[in-house]
Structures are given as C-alpha cells and as structure tokens.
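Have a look at the structure below before the remarks.
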Amino acid sequence: MSNIKHHLTDELLMSYAAGSLDEGFSLVVATHVSMCDDCRARSEAYEAVGGAMVDQCEVVQLSDHALDQTFALIDAMPDKPDAPWVENRSKDDVFPTPLQDYVGGDLDKVKWRSLGGGVMQAVLKTAGEDKVRLLRIPGGTAMPDHGHRGLELTMVLKGAFEDDDGHFGRGDVEVANEDLHHTPVAVAGEDCICLAATDAPLRFKGLMPRIAQPFLGI
Amino acid sequence: MIKNFTASDPNNAAGRKTLQMPTKSLIKDASVRQQPPGYGGRKMPSVETPQTSENDNLVALVAAIRDHKDRQAFAELFRHFAPRVKAFLMKSGANEGLAEECTQEVMATLWTKAHMFDPSRASVSTWVFTIARNRKIDAFRRMRRPEPEDLAWGPEAEPDQADVMSFRQESKKLADAIAALPEKQRDLIQAAYFGDLSHAQIADATGLPLGTIKSRIRLALERLRHTMG
C-alpha cells in the first residue's frame with residue numbers, strides 16, 4: 001500500500017467527490033482509493049467541501065407529511081440491521097471490491113478477449129460516455145504507441161509497466177491527456193494487468209493498429 | 001456541550017432529552033482509551049463556537065438513532081437536513097416532486113446507515129452530502145456509483161472522542177475558509193458540487209485549503225487500519 005507513487009489529480013478526486021465523474025473513471029478512482037489511503041483522505045476532504053455546501057444551502061420546505069412519509073419508508077424496510085462489516089474478499093485477491101463488483105469476482109472471473117500479440121482485454125459494462133476495460137499485457141510487450149483525444153486513466157493491478165513518465169507498479173495510476181503520447185511497455189516477467197478508462201478513442205501512431213482499432217473496440 | 005445553542009435555531013429546542021444518553025455513551029467508550037491532555041471529560045475547549053456545538057448535537061442524534069432507534073432524534077435530524085437536502089437536489093436540476101421524493105429516501109437511508117457514520121472522519125453534514133450525492137447519481141444520472149472498499153468502523157473500532165472533537169474543529173475551520181473565499185470562487189465550487197462543471201472546468205475550483213482536514217482524515221484512517229489489523 002505504501003509503495004504507490006503515482007496518484008490521482010485533484011480535479012479527478014473533486015469530480016468524484018462531487019459526483020460528476022462518469023462511471024468508468026469513477027471505477028478507476030474507487031479502485032485506486034481502495035488501495036491508497038492518501039488519495040482516500042484527499043477524496044474525503046473534497047467530500048467535506050460538499051458537506052459545507054449542504055450547510056450553506058438555502059432551505060426548501062418539504063410537504064406537510066414528509067416526516068410521516070419518511071417514517072413509513074423506514075417502517076417498510078426490512079428490520080434487519082445491515083450486517084456488521086466483514087471482510088468480503090480474501091487478502092490474496094488482486095482486485096479491490098469495487099472492481100470485483102464489476103467483474104463478478106477476482107482475476108479468475110475475467111472474460112478475456114484477445115487483441116492479438118498476446119494482449120488481452122475485457123470491457124466492463126458501464127452507463128457513462130466513457131469506456132473502461134481490463135488489459136493483460138505479457139511481460140516485455142509494448143502496447144501500441146498511442147496518443148489521446150481526451151483523458152485516459154491507467155491503473156496497474158498486477159505486474160508493472162514503464163513509459164516516459166516512469167515506472168508504474170501495483171496501485172499506481174497514470175493520468176494521460178492530449179499532451180502525452182506514450183508507449184507503455186510491460187516490465188519483463190509476469191503479465192501486467194491494468195484497469196484503463198478513456199473518454200475518447202485512442203489515437204494510434206502506426207497504421208496497423210489504426211486499421212484494427214474499430215474491430216478491437218479500443 | 002449543549003448549552004451554547006443559539007436560541008434562534010428552532011431545531012435545537014426539542015431534542016435535548018434525547019441527547020444525554022448517546023453523548024454519555026460515546027464518552028464512556030472513549031474514556032477507556034488514552035487521550036491527549038485537555039480533551040477528557042465533558043468539557044469542550046473554550047474556543048467552542050455555536051457551529052461546533054451544533055455539530056455535537058447532530059453527532060449525538062445519529063448515535064441515538066444507531067443505538068436506540070430514537071424517532072425523536074430522527075425527527076430533529078430531519079428538520080435540520082431535509083430542507084437543505086431538498087434545496088441541494090433542486091439546485092442540482094431536480095424538479096420539486098423528484099427532489100421531495102429523493103429527500104425522503106436520503107433521510108430514510110440515514111436511519112438504516114447510522115452505524116456506518118464515523119465522526120472522526122466526517123461531519124454529519126458531509127455524511128448527509130455523500131448519501132444525497134449517491135441518490136442523485138442513481139436517480140438523475142442513472143449510473144452506478146463505484147465506492148471504495150469499505151473501512152467502516154465496527155463496535156471494536158469506536159472512534160476516539162478526542163479525534164471526533166478535533167475533526168469537528170477542522171470541519172468548522174474549513175467551512176469558515178470556504179465562506180471567506182471571494183464570491184466568484186465560491187460560486188465556482190458550488191457549481192462543481194451541483195454538477196454544473198465538466199472535469200476540465202473543475203480544475204479551476206480545486207485550489208482549496210484542505211491540507212489540515214486531509215491530515216486528520218489520514219490519521220483516522222491509520223487508526224482504523226490498525227484496529228482492523
């Protein structure tokens with residue numbers, strides 16, 4: 001946990017705390033925050049700003065029977081209190097719980113599809129405009145050189161990759177935008193498994209990946 | 001702790017009786033732990049302001065709901081927050097009918113999740129905000145909200161009373177700092193929290209003095225991790 005060196009930006013954490021970030025990016029933020037207490041504290045500090053906003057809000061009266069109706073809602077709920085918190089994932093799991101919720105379990109439950117060259121992906125279903133996927137890149141393999149039209153978040157869950165911005169290991173997240181044209185290379189050894197979210201199609205430099213892009217859905 | 005309510009606030013008059021038990025139970029739990037000098041017992045630091053004592057009251061109301069299913073405490077919490085939550089939801093784009101419906105659901109959620117509230121990491125207002133925000137994402141944006149892995153405190157991780165008090169003071173300082181911002185910047189932050197700013201626009205709203213409150217939350221997280229082993 002303490003080895004995380006690449007963190008989320010303030011605007012991502014504030015958007016997430018405010019609730020305006022799309023679902024795919026939110027999943028990357030929630031996954032990183034699950035592993036990084038520093039970003040969790042920053043995220044909760046931005047929630048504290050939201051609390052101050054509620055405090056400073058003017059008031060709008062509720063209907064006459066609002067309190068009674070709310071008690072009726074409460075009474076209609078099942079009377080079992082939420083179970084006390086239990087560890088619902090094993091300590092050896094690769095995926096934190098928010099990611100497990102989308103995958104339906106840990107790494108062994110991912111339904112990979114080949115992108116060629118040994119690279120595998122699994123697109124996760126979200127409702128937003130953005131797209132989020134898991135990528136599995138064999139150690140020593142380069143991802144196609146690509147730039148971005150929008151924002152791309154890439155978080156490492158297993159293994160590591162390197163590019164011009166440095167070394168990214170488990171828990172690290174790279175925030176890339178239009179300015180960054182990079183060629184991530186999975187560090188030799190075990191497969192590198194990443195969670196990646198984008199809000200626009202990637203822009204590949206080489207011809208072949210560009211032709212293949214519509215078929216690969218990346 | 002209870003005597004500093006401003007007389008003009010009608011929300012504070014009713015629930016004093018319900019306060020006593022939960023407040024005492026929180027302090028009793030804390031007293032078995034080590035506390036830094038100057039925080040023990042019932043006395044609040046002399047710098048106490050109306051707003052921190054108001055938040056005291058709110059924390060005690062949540063504890064009363066959690067420990068005793070206290071309907072009077074809930075009614076008081078409702079009177080304080082429901083009109084603010086409704087205003088917040090309407091500013092976020094809901095019409096009055098939807099805002100009313102969602103407000104009732106948000107308030108009912110406070111009842112069921114009272115045991116999840118950690119006063120050493122958040123003020124009651126912040127907790128209410130997060131529940132209203134989640135309801136908003138679900139009802140207005142029709143998306144799921146991926147939440148970080150839970151670090152909820154159980155009975156074995158009851159927060160230290162000194163931490164709760166320090167946090168309360170930091171919340172007050174943050175609120176004051178936001179209130180003191182130039183109007184333009186405050187408007188920008190409000191727009192961010194009402195959902196009116198894109199991710200790119202939000203960058204201009206991020207320059208807030210959050211260092212100290214972040215440090216307090218960080219400490220509370222460390223304590224929690226330690227308790228969880």
Side-chain angles (χ1 to χ4, degrees), chain A residues 10-12 14-15 17-23 25-27 29-31 33-35 37-38 40-63 66-67 69-71 73-74 77 81-82 84-85 89 96-99 101-102 126-128 151, chain B residues 71 75 78 82-88 90-91 100 103-105 107-108 111-113 115 121-123 125-126 128-130 132-133 136-137 142-150 152 154 171 174-175 178-179 189-190 192-193 195 197 199 202-203 205-206 208 210 213-214 217-218 221-222 225:
Chain A
D10 278 324
E11 50 266 41
L12 280 165
M14 192 183 196
S15 300
S20 55
L21 201 61
D22 272 352
E23 191 177 333
F25 287 125
S26 293
L27 178 58
V29 171
T31 304
V33 164
S34 297
M35 295 168 65
D37 278 355
D38 210 56
R40 190 189 286 260
R42 284 164 71 209
S43 162
E44 291 183 6
Y46 278 114
E47 288 180 340
V49 177
M53 292 296 126
V54 167
D55 274 340
Q56 290 168 20
C57 243
E58 63 218 44
V59 297
V60 175
Q61 284 316 310
L62 279 93
S63 62
L67 179 58
Q69 286 167 351
T70 304
F71 274 127
L73 279 179
I74 289 168
M77 289 192 255
D82 288 11
W85 186 82
R89 57 178 281 271
T97 43
L99 184 52
D101 286 347
Y102 278 79
T126 51
L151 180 69
Chain B
R71 292 199 167 220
F78 188 95
R84 287 178 169 83
V85 169
K86 188 172 175 185
F88 172 77
M90 288 178 73
K91 291 215 175 214
E100 170 91 22
T103 299
Q104 292 183 17
E105 287 161 0
M107 297 309 296
W111 176 278
T112 51
K113 294 211 184 285
H115 63 291
R121 258 162 80 203
S123 70
S125 303
T126 296
V128 171
F129 161 74
T130 59
R133 171 202 63 198
K136 188 171 106 177
I137 293 171
R142 303 195 176 281
M143 287 179 185
R144 282 169 73 183
R145 158 114 185 153
E147 289 281 357
E149 202 157 285
D150 229 337
S171 297
L174 175 65
I178 291 171
I189 293 166
Q190 276 181 351
Y193 283 84
L197 295 188
H199 173 258
I202 229 166
T206 53
L208 287 166
L210 296 181
I213 200 154
K214 194 209 101 172
I217 297 169
R218 190 78 172 82
L221 290 174
E222 268 167 36
R225 292 265 186 217

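First the proteins, then the strands, lettered A, B, ... as listed; each starts at 1. Keep in mind that the numbers below use all heavy atoms, side chains included, and drop hydrogens, waters and symmetry copies.
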### Task
Taking all non-hydrogen atoms of both residues into account, name the closest pair between L174(B) and V49(A) and its distance.
CD2-N, 4.0 Å

### Structural part of F78(B) lying under 4.5 Å from a heavy atom of chain A
side chain

### Query
Within 45° of the axis and under 6.0 Å from the centre of the six-membered ring of Y102(A), does NZ or CZ of R144(B) qualify?
yes

### Query
Judged by atom type as modelled, is there a donor-acceptor pair below 3.5 Å linking the side chain of S26(A) to the main-chain atoms of L21(A)?
yes

### Query
Less than 4.5 Å apart, any side-chain heavy atom of E149(B) and any of T31(A)?
no

### Task
Please flag which part of L151(A) lies under 4.5 Å from any non-hydrogen atom of chain B: side chain, backbone, both or neither.
side chain

### Task
Output the option from G50(A), A52(A), A45(A), P98(A) having the highest count of non-hydrogen pairs under 4.5 Å with chain B.
G50(A)

### Message
Run the salt bridge (charged side-chain N to carboxylate O under 4.0 Å, His left out) test on E58(A) and R84(B) for me, step by step, so that the C-alpha distance in whole Å, both residues' side-chain angles and the decisive distance to 0.1 Å come before the verdict.
### Response
CA-CA 6 Å; E58(A) 63 218 44; R84(B) 287 178 169 83; over 6 Å; no

### Task
Please look at R142(B) and chain A and tell me whether the side chain, the backbone, both or neither of the residue comes under 4.5 angstrom of a heavy atom of that chain.
backbone

### Query
Which region of A205(B), side chain (C-beta onward) or backbone (N, CA, C, O), has a non-hydrogen atom less than 4.5 Å from a non-hydrogen atom of chain A, or is it both or neither?
both

### Query
Which answer fits A203(B), side chain, backbone, both or neither, if we ask what part of it has an atom under 4.5 Å from a heavy atom of chain A?
both

### Query
Out of D10(A), T126(A), V60(A), which one racks up the most heavy-atom pairs below 4.5 Å with chain B?
V60(A)

#### Entry: Residue S123(B) versus chain A: region with a heavy atom under 4.5 Å
neither

### Engaged part of R218(B) at the chain A interface, taking heavy atoms whose separation is under 4.5 Å
both

### Query
Going through the checks in order, is the side chain to side chain contact (heavy atoms under 4.5 Å, CB included) test met by E44(A) and K214(B)?
CA-CA 8 Å; E44(A) 291 183 6; K214(B) 194 209 101 172; over 6 Å; no

### Task
Tell me, for L208(B) versus chain A, whether the close heavy atoms (under 4.5 Å) come from the side chain, the backbone, both or neither.
side chain

### Query
Checking Q56(A) against chain B: side chain, backbone, both or neither under 4.5 Å from a heavy atom?
side chain

### Query
Within a strict 4.5 Å, meaning less than it, do heavy atoms of the T126(B) and R121(B) side chains meet?
no

### Query
Looking only at side chains, do Y193(B) and E47(A) share a donor and an acceptor under 3.5 Å apart?
no

#### Entry: chain A contacts, top residue of E147(B), Q190(B), M107(B) (heavy-atom pairs, under 4.5 Å)
E147(B)

### Option in I213(B), L221(B), T103(B) with maximal non-hydrogen atom pairs under 4.5 Å from chain A
L221(B)

### Query
Do the non-hydrogen side-chain atoms of Q104(B) and F71(A) ever get within less than 4.5 Å of each other?
no

### Task
State whether a side-chain donor-acceptor pair under 3.5 Å links E100(B) with S63(A).
yes

### Max heavy-atom pair count under 4.5 Å with chain A, selected residue of R145(B), K136(B), M143(B)
R145(B)

### Message
At a heavy-atom distance under 4.5 Å, which candidate from V33(A), V29(A), L12(A), D101(A) has the highest pair count against chain B?
### Response
L12(A)

### Message
Given heavy-atom pairs under 4.5 angstrom as the criterion, report whether the side chain, backbone, both or neither of Y46(A) touches chain B.
### Response
both

